[in-house]
Structure formats: C-alpha cells, structure tokens
Amino acid sequence: LYSTYCVSCHGTDGQGGLVGGARSFQSLADWKRGPSIPDMFVTLTEGLEGTQMRAFNNLSAWDRFAVSWYVASLYTGADRPNGTREDFERVIKQYELDVQRDPPLPLDIDSAIDEMIEDAQ
C-alpha cells in the first residue's frame with residue numbers, strides 16, 4: 001500500500017520532499033496532527049487542508065491503519081510513533097469502526113485495540 005500510494009511523494013524510506021511539502025517520516029517534528037498511529041489514520045482519512053495531502057478513503061479503514069503502522073516503522077528514533085488506548089478508542093468511535101458491516105466481521109474490538117497498542121510499544 002505504501003509503495004502504491006505514498007512513495008511518489010514521501011520516498012521509499014520516508015525521507016519526504018519528493019513533492020513540495022511532503023513530510024519526512026524519519027522525524028517526529030512538525031506533524032500537523034501529531035505523529036501517533038491514530039493521528040496518521042485521521043490524516044489518511046481526512047487529508048490535510050491547505051496541503052497536497054489528500055484523503056485516502058478509497059482504502060479500507062484497516063488498510064489506512066496498515067499504512068499508518070508502516071509509516072511508524074520508518075521512524076528510526078527512540079520515540080517511535082504509537083498511540084494510547086484512548087487515542088485508538090477515540091478514532092474507532094469517531095469513524096464508527098466498531099459498527100458491524102455486512103458481512104459481520106469476527107472481530108473482538110477490545111482484543112484488536114490491545115493488540116495494536118502492544119505492537120506499537
């Protein structure tokens with residue numbers, strides 16, 4: 001997903017700058033929303049007004065989370081982006097990610113949140 005949607009602006013290693021204003025994912029400085037995985041999800045969902053960063057609602061919510069996790073993995077510093085349980089719960093509620101869709105998903109949302117937080121640490 002990253003190779004398809006992000007590389008052309010942000011670069012293979014997340015170095016940024018390939019398109020004017022495309023941020024580097026190798027630094028936690030100057031994020032418009034914040035560098036947490038839930039904040040990245042919101043950016044992928046809504047885009048960033050006043051920038052060339054568009055929304056990627058063509059991707060499923062889980063694909064947007066996958067891209068967010070990948071972007072976090074590009075950061076090489078000690079303070080790797082993550083998110084708190086409250087951050088994940090806020091995004092899940094805001095975008096109604098816990099609402100069952102057809103066909104129903106066999107997903108225990110509490111276990112999924114715990115697993116995402118555990119992976120981020």
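Keep in mind that the numbers below use all heavy atoms, side chains included, and drop hydrogens, waters and symmetry copies.
- Annotation: Asp30, atom CG; neighbour count of heavy atoms from other residues, nucleotides and ligands within 6.0 Å does not exceed 12.
- Minimum heavy-atom separation, Tyr70 to Thr12: OH-O, 4.4 Å.
- By the 6.0 Å and 45° rule, Arg54 stacks over the aromatic ring of Phe56.
- No side-chain heavy atom of Met53 sits under 4.5 Å from any side-chain heavy atom of Lys32.
- In this structure, Glu89 and Ile113 have side chains that are in contact, with non-hydrogen atoms separated by less than 4.5 Å.
- Here the straight-line distance linking atom OG1 of Thr43 with atom CZ of Arg64 works out to 11.5 Å at 0.5 Å rounding.
- The heavy-atom pair separating Val19 from Gln52 by the smallest distance is CG1-OE1, 3.0 Å.
- In the hydrophobic clustering of ILVMFWY residues, with side-chain heavy atoms under 4.5 Å counting as a link, Ile117 and Val42 come out together.
- Rounding to the nearest 0.5 Å gives a distance of 6.5 Å between CG of Asp13 and CD of Gln26.
- Phe41 and Tyr2 fall into different hydrophobic clusters, where Ile, Leu, Val, Met, Phe, Trp and Tyr residues are linked whenever their side-chain heavy atoms come under 4.5 Å apart, directly or through other members.
- Put simply, the side chain of Asp39 does not reach to within 4.5 Å of the side chain of Trp31, judged on heavy atoms.
- The shortest heavy-atom contact between Ser68 and Leu44 is OG-CD1, 3.6 Å.
- Of all the heavy atoms in Gly83 and Ser36, the pair that sits closest is CA-CB, 4.3 Å.
- When hydrophobic clusters are built by joining Ile, Leu, Val, Met, Phe, Trp and Tyr residues whose side-chain heavy atoms come closer than 4.5 Å, directly or via intermediates, Tyr75 is grouped together with Leu1.
- Tracing side-chain contacts under 4.5 Å through hydrophobic residues (I, L, V, M, F, W, Y), one reaches Val71 starting from Leu48; they form part of the same cluster.
- When all heavy atoms of His10 and Arg23 are compared, the pair lying nearest together is ND1-O, 2.9 Å.
- In this structure, the separation between CZ on Phe88 and CZ on Phe65 is 6.0 Å, given to the nearest 0.5 Å.
- Here Arg90 contributes atom CZ and Ile92 contributes atom CD1; the two are 10.5 Å apart, rounded to the nearest 0.5 Å.
- Expressed to the nearest 0.5 Å, how far CG of Leu97 lies from OG1 of Thr45 amounts to 8.0 Å.
- Side-chain atoms of Thr84 and Asp87 include a donor-acceptor pair closer than 3.5 Å.
- Considering every non-hydrogen atom in both Pro35 and Pro81, the closest pair reads O-CB, 2.7 Å.
- Residues Trp69 and Tyr5 fall into different hydrophobic clusters, defined by Ile, Leu, Val, Met, Phe, Trp and Tyr side chains chained together at heavy-atom separations under 4.5 Å.
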